[in-house]
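A quick write-up on the structure given underneath.
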Amino acid sequence: MDWKKLADALIPDEDLQPLEYYETLYAPRNLPKGAEVTRLAPSPTGFMHLGNLYVALANERLAHCSGGVLYLRIEDTDSKRKVEGAVDVILSSLRYFGIAFDEGAEIGGDYGPYYQQQRAKIYRAYAKDLIARGRAYACFCTEEELSAVREKQTENKLLPGYYGEFAKCRNLSEEEIYANLAAGKPYVIRFRSEGDVNKKSVFHDEIKGDITVTENNQDVVILKSDGIPTYHFAHAVDDHLMRTTIVIRGEEWLASLPIHIELFGALGFRLPRYGHNCSIQKIDGEDGGRRKLSKRKDPEASLVFYREEGYHPLAVKTYLMTLLNSNFEEWRLKFPAKPLEEFKFSIGKMGKSGALFDLDKLQDISKEILSSLSAEEMFDFLSAWADEYGSAEEKEYFSDREYLLRVLTLCMGVGAKKRRKDFVTAKQALRTISYFFRAPETPAFRADGETVKAVLEKFMDSYDPADDNAAWFDKMKKTADALGFASDMKAYKSAPENYRGNVSDVAEIVRVAMTGHANTPDLCTIMQILGEEECRRRAAAAAQNL
RNA sequence: GGCCCCGUGGUCAAGAGGUUAAGACACCACCCUUUCACGGUGGUAUCAUGGGUUCGAUUCCCGUCGGGGUCACCA
């Protein structure tokens, strides 16, 4: 068989470059020893998964901790799944979560283009070479034929797929091929595998360690009938030409590693190193079964979720880092003020088993991150969130910068001995401080109406906005004493039956009347911020609505 | 089902042939406290299972079980 001629017939493009052209155009990178070249290779489906960020972070840290390069390649080879604006979703997610890449889609670089659609000629050149060398062939099987074969294989408990005796088009005669072409039958290009599934070998995965790989025997499709490559083929060509040194990807790719190994070999490429990262899981149902975070079932699988809820990007990143490198958390606790870029990320510290998504942990980290912000930084963070997701009312909070800054300073405990950690997300923070902007709707008191009324009346009678904290609290105590509550906590504790309650119960009534909440920062300061007039109005309203 | 990966508290996990088996989150208790938080102290709780190797195994080996992934002209 004249394979050269066949290659010309199957891939008739006349404007293909010889392979040496690409090899010299995309010369090996000139980087210091140990520098890693890693990549982000999302497909533009319009959906960014937490797992995307997880893997992105690992690749980013690996590149930048080694003085290497991180690039972004858009894997847009599936025309059916392509979604308008999806690249923007990718770019904006990476920007929001602070994953900075050095070259790639939208910013360019020496190894582009970085959109696979634009690399079609390159793939076709390499595929043509494979055909000319007898390592790839045209397959004219229809989808129906393929699924019929697969069904039969499953029925007979055979390994499903296109291989060996089931690879009908593998040994088509020259006449048959040209007849099919003349008849205009659509075809795909398949790789001619020389592997044997009975042969196994040990492969070193950077994360999993030594693993057993079974040789590939599948004649996988490398060019689809539209002439666009499949993932496997594009991966081999691109990661070779872009000179990727290490590929960190989800462990769902482990199963196709044998294909990639054979493909790289047939193309004469040196295999990059691989690290297969386990995916983030979630408990499913009552039986305690685990599964991957699912795009369809779990809102928290989507990166949009964290943005809408107003999680600080650094909180999400920090949480992911704790999952990625087991010694990260220890480092963070030791150096709370250091940026996470200073942590020495190590691929060897990546876990082998899939972690369960832990919202509690994320929230704890979020509190800590937010409590480390200055009032101004918090203002900016909240403002940016409100711009995009806040209600009209919440957007109004930002019109008086001075006022909001006072509120934030108090609520965050800026300047106090200890910072407060009440804020978890932007959304929750804005809800929490809403009482600074409007009276609570229906304050819920634990005490009975009579008591509430008496306390509010008595306290507001003596209230003077000019009082300092001590004077203010002194009046709170007087109110307590006058109404049969203990003002002295020790006295109360030794004989609680002698009192209706203690000064904290009295304070709670005023607190709830002012804010609607039983838990707030220092009440005295809140009342100063609200202003005398507003405080009297709220006290009166609360007493009236009982 | 075939193939592959994984298995230390509820969760993330450190760990080593001999340890009182770290730490963090969550939970509980107490302390601090004008409430709430913060903070502090303490506590409950873990080596999936059977068999080997060994003086000794949670650690090494094999089986079992359990969980996960994958078997496309999707990535």
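Being a predicted model, the structure only gives us computed values, none of them experimental. Here is the naming used below: chain letters follow the sequence lines, and residue numbers restart at 1 for every chain.
Residues A/Y306 and A/T425 bring no donor and acceptor atom of their side chains to less than 3.5 Å of each other. Between the side chains of A/T318 and A/R332, no donor-acceptor pair is found at a separation under 3.5 Å. Side-chain contact, A/E151 with A/T154: no donor N or O sits under 3.5 Å from an acceptor N or O.
Within the shown strands, nothing qualifies as a pairing partner of B/rU54 under the Watson-Crick or G-U definition with both distances less than 3.5 Å. In a base pair of the Watson-Crick type (N1 to N3 plus N6-O4 or O6-N4) or a G-U wobble (N1-O2 and O6-N3), with each distance short of 3.5 Å, B/rU20 is matched with no nucleotide. Nucleotide B/rC47 is matched to nothing when pairs are restricted to Watson-Crick or G-U wobble geometry with both distances under 3.5 angstrom. B/rA29 is paired with B/rU41 under the criterion used here, namely a Watson-Crick or G-U wobble arrangement in which both key atom distances are under 3.5 Å. Across all strands shown, nothing is found opposite B/rA14 as a Watson-Crick or G-U wobble partner with both distances under 3.5 Å. Pairing of B/rG1, defined by two Watson-Crick or G-U wobble distances under 3.5 Å, is identified with B/rC71.
Note on A/V221: only backbone sugar-phosphate atoms sit closer than 4.0 angstrom, heavy atoms only; bases stay farther off. At a threshold of 4.0 angstrom between heavy atoms, the contacts of A/S504 are confined to the sugar-phosphate backbone, with no base atom among them. Within 4.0 Å (heavy atoms only), A/S225 reaches at least one base atom of the nucleic acid. Within the 4.0 angstrom heavy-atom criterion, no nucleotide atom of any strand lies near A/K477. When heavy atoms are screened at a 4.0 angstrom cut-off, A/Q281 is found touching the sugar-phosphate backbone but no base atom. Counting non-hydrogen atoms under 4.0 angstrom, A/K349 reaches the backbone sugars and phosphates but no base. Within 4.0 Å (heavy atoms only), A/S279 reaches no atom of the nucleic acid at all. Within 4.0 Å of A/N52, counting heavy atoms only, lies no atom of the nucleic acid at all. Across all strands shown, A/C141 has heavy atoms under 4.0 Å from base atoms, whether or not it also approaches the sugar-phosphate. Residue A/E330 is classed as having no contact, given no heavy-atom separation below 4.0 Å to the nucleic acid. Among the protein residues, A/I228 comes within range of no part of the nucleic acid, since none of its heavy atoms lies under 4.0 Å from any strand. Here A/R419 lies in heavy-atom contact (under 4.0 Å) with sugar-phosphate atoms only.
Taking the P atoms as reference points, B/rU59 lies 43 Å from B/rA75, given to the whole Å. Only the C1' atoms considered, B/rU11 is 12 Å distant from B/rC27, to the nearest whole Å. Taking the P atoms as reference points, B/rC30 lies 36 Å from B/rU19, given to the whole Å. Separation of the C1' atoms belonging to B/rA22 and B/rC47 is 14 Å when rounded to the nearest angstrom. Only the P atoms considered, B/rG10 is 22 Å distant from B/rG69, to the nearest whole Å. Taking the C1' atoms as reference points, B/rU8 lies 7 Å from B/rU58, given to the whole Å. Using atom P as the reference point in both B/rG23 and B/rU46, the two lie 15 Å apart (nearest Å). Going from the C1' atom of B/rC32 to that of B/rG39 covers 8 Å, rounded to whole Å.
Around NZ of A/K224, the count of heavy atoms belonging to other residues, nucleotides or ligands within 6.0 Å exceeds 12. Within a 6.0 Å radius of NZ in A/K427, other residues, nucleotides and ligands contribute more than 12 heavy atoms. Heavy atoms of other residues, nucleotides or ligands lying less than 6.0 angstrom from NZ of A/K352 number 12 at most. Heavy-atom neighbours of A/Q118 CD from other residues, nucleotides or ligands within 6.0 Å: above the threshold of 12.
Atoms CZ (A/F328) and C1' (B/rG23) sit 15 Å apart, rounded to a whole Å. In this entry the distance linking CD1 of A/I526 with C1' of B/rU35 reads 10 Å, nearest Å. Rounded to whole Å, the distance from CG on A/L410 to C1' on B/rC38 is 14 Å. Rounded to whole Å, atom P of B/rA24 lies 21 Å from atom CG of A/L359. One can place CG of A/D226 at 14 Å from C1' of B/rA72, the figure rounded to the nearest angstrom. The distance between atom CD of A/Q116 and atom P of B/rC74, rounded to the nearest whole Å, is 13 Å. Put simply, CH2 on A/W253 is 11 Å from C1' on B/rA72, counting in whole angstrom units. Rounded to an integer number of Å, the gap from A/H517 NE2 to B/rU34 P is 23 Å.
Both A/L523 and A/L223 lie close to RNA chain B; mapped to their nearest nucleotides by heavy-atom distance, the more 5′-ward contact belongs to A/L523.
Closest approach to the A/E252 side chain among B/rG69, B/rC73, B/rA26 is made by B/rG69 (side chain taken as heavy atoms from C-beta onward). Taking every side-chain heavy atom of A/D78 into account, B/rA75 is the closest of B/rA75, B/rC73, B/rC38. Across B/rU34, B/rC74, B/rA13, the shortest atom-to-atom separation from the side chain of A/F473 is found for B/rU34. Taking the side chain of A/D364 as heavy atoms from C-beta on, and the options B/rC25, B/rG39, B/rU34, the nearest nucleotide is B/rC25.
Within the cation-pi definition used here (under 6.0 Å to the ring centroid, within 45° of the axis), A/R190 qualifies as a partner of A/Y162. Remark: A/K475 fails to qualify as a cation-pi partner of A/Y463 under the 6.0 Å distance and 45° angle criteria applied to the six-membered ring.
Contact check, A/R446 against B/rU35: no side-chain N or O comes under 4.0 Å of OP1 or OP2. Residue A/S326 places no side-chain N or O under 4.0 Å from the OP1 or OP2 atom of B/rA13. OP1 or OP2 of B/rC74 has at least one side-chain nitrogen or oxygen of A/K224 nearer than 4.0 Å.
Between the SG atom of A/C411 and the CD1 atom of A/I529 there is a distance of 7.0 Å, given to the nearest 0.5 Å.
A donor and an acceptor atom never sit less than 3.5 Å apart when one is taken from the side chain of A/R150 and the other from the base of B/rC71.
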* **B/S/- contact track for nucleotides 1-12 of chain B, protein heavy atom under 4.0 Å** => --SSSS----BS
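Ion pairing between A/R192 and A/D219 fails under the 4.0 Å rule for side-chain N and carboxylate O.
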